[in-house]
Amino acid sequence: MSILQNLCQQLFKRSLWVYHANSGGCNGCDIEVLNVLTPYYDVERFGIKLVGSPRHADVMLCQGPAMRSTGKALRRAYEAMPAPKLVFAIGSCACGGGIWHDTYSVLGPVEKILPVSYYIPGCPPRPEAIIYGVAVALGVVDKKSAPVKFKQMELAIPRYHPEDLKEENGMVVYQKCEKI
Amino acid sequence: MSLLSKIKETLICFKAGRVTLPYPRETRPVPPRFRGRPVFDAAKCVGCGGCASNCPAREILMVDLCQEVRVVKYIGRRCTYCGRCADVCPEKAITMSKEFETATNEIHDIQQELELFMGTCQRCGRCFTDAGPLDQLKMKGYRFDELDKDRWVYRSAGYLEKEAAVRDIEIEMD
């Protein structure tokens, strides 16, 4: 049994079976996910296959925010998936709650009810972005984004730094202007 | 007959050629009007807060650390890439980039934070009088971004209550 298990793990290392759950989105992300499965962005060549039941799935693709009406059903679908499981939050609704994040019927992002492992922001994300997200999850490519923090260390107004001013063609020029 | 039709179908299928895009190996250029992740240029930003008050998803926050320092925070979780912030920016400090490969395992990776110096009066440092709590709500380019203070945000429905208006007219008539 363990030999067969090992063989299966070796052979089907990168074949993800995805289950597609919409908990109250606008269908935009659904269409993009279906677009990924069409011959144009044929993901079945990577072993990714859409299945109809969460019991067969390795990955849950969540679209739409966690809503008051569908939250429980989404949680039950997640609990029905077999153990090594991933959750992808696709679209800005699933990542952050969407435009209607503060209405009475929306609980917020899906991570309020499920542990989300990968986020694919966009409204809707391009099919390429979804394939990229899956590739990041498989470890084929590295993620490209990192938090950006900019901190101004020096006041950008030239008159506060008279030592950097110089005369050029009868005009006063601030030397560090390009550097700011 | 059915065999013939099958052969015909096969020929049609072969005629279509190969349509699958070689995405992961080579990227296709995005459409010219595609809006991707907004990029904030700190050198151009003046910290007016127009983007914060126009963002429909409320993902751009303005926090004043002190009189001189303002923090512009773009969280980007529920950003719909509508491009309103880039549209309203007077200094063109926000540009909608063509970047769409933003998938991460850590949602904080799409954050952007700018810490800007704000000019103050050279004589006293605070020449402008503090706006009252009601005036602050009406100020353009400035908004409270704490959601618990959301109920203080001025809403036009307050003026449209039927009874109150009727009573007002009655008072005026008297």
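Residue numbers start from 1 in every chain, and the chains themselves are labelled A, B, ... in the order their sequence lines are given, proteins ahead of strands.
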>> Only pairs of heavy atoms separated by less than 4.5 Å count here; which of B:P56, B:P22, B:A103, B:A57 has the most with chain A?
In response: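 Maximum pair count with chain A is reached by B:A103.
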
> When heavy-atom pairs shorter than 4.5 Å are enumerated against chain A, which of B:I75, B:I107, B:V30, B:T27 gives the highest number?
Replying inline: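 The candidate making the most pairs under 4.5 Å is B:I107.
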
>> Closer than 3.5 angstrom, by distance alone: can the side chain of A:N27 be matched with the main-chain N or O of A:D30 as a donor-acceptor pair?
In response: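 Between the backbone of A:D30 and the side chain of A:N27 there is no qualifying donor-acceptor contact (under 3.5 Å).
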
>> Using a 4.5 Å heavy-atom cutoff, which residues in residues 107-119 of chain A come close to chain B?
In response: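 If one takes a 4.5 Å heavy-atom cut-off, the residues of residues 107-119 of chain A near chain B are A:P109, A:E111, A:S117, A:Y118, A:Y119.
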
Tell me, for [X] versus chain A, whether the close heavy atoms (under 4.5 Å) come from the side chain, the backbone, both or neither.
{"X": "B:V72", "answer": "neither"}
{"X": "B:Y74", "answer": "neither"}
{"X": "B:I110", "answer": "side chain"}

> Got more than 12 heavy atoms from elsewhere within 6.0 Å of CZ, B:R18?
Replying inline: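 At most 12 heavy atoms, drawn from other residues, nucleotides or ligands, come within 6.0 Å of this atom.
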
> How about B:K92: does its NZ atom have over 12 heavy atoms from other parts shown lying under 6.0 Å from it?
Replying inline: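 Yes - once you tally the heavy atoms of other residues, nucleotides and ligands closer than 6.0 Å, there are more than 12.
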
> If you look at every heavy atom in B:E101 and B:Y23, which pair is closest and at what distance?
Replying inline: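 Scanning both residues, the minimum pair turns out to be OE2-OH, 2.5 Å.
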
> Can you name the closest pair of heavy atoms from B:M96 and B:G36 and give their distance?
Replying inline: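 The answer is CE-O, 3.4 Å.
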
>> Do A:I131 and A:Y41 make a side-chain contact, defined as non-hydrogen atoms from C-beta onward lying under 4.5 Å apart?
In response: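 A:I131 reaches A:Y41 side chain to side chain.
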
>> I need the residue from A:G97, A:A135, A:A137, A:P39 with the largest number of non-hydrogen atom pairs under 4.5 Å to chain B.
In response: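 Top option by heavy-atom pairs under 4.5 Å: A:P39.
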
Under a 4.0 Å threshold between the charged nitrogen and the carboxylate oxygen, would [Y] count as salt-bridged to [X]?
{"X": "A:K85", "Y": "A:D58", "value": "no"}
{"X": "B:R28", "Y": "A:E128", "value": "yes"}
{"X": "A:K49", "Y": "A:E44", "value": "no"}

> Taking the six-membered ring of B:F100 as reference, does the NZ or CZ atom of A:R126 fall below 6.0 Å from its centre and within a 45° cone about the axis?
Replying inline: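 Positive - A:R126 is close enough to the ring of B:F100 and near enough to its axis.
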
>> Given heavy-atom pairs under 4.5 angstrom as the criterion, report whether the side chain, backbone, both or neither of A:P121 touches chain B.
In response: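 Interface part for A:P121: both.
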
>> For A:A146, which atoms come within 4.5 Å of any heavy atom of chain B: side chain, backbone, both, or neither?
In response: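 Just the backbone, heavy atoms under 4.5 Å.
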
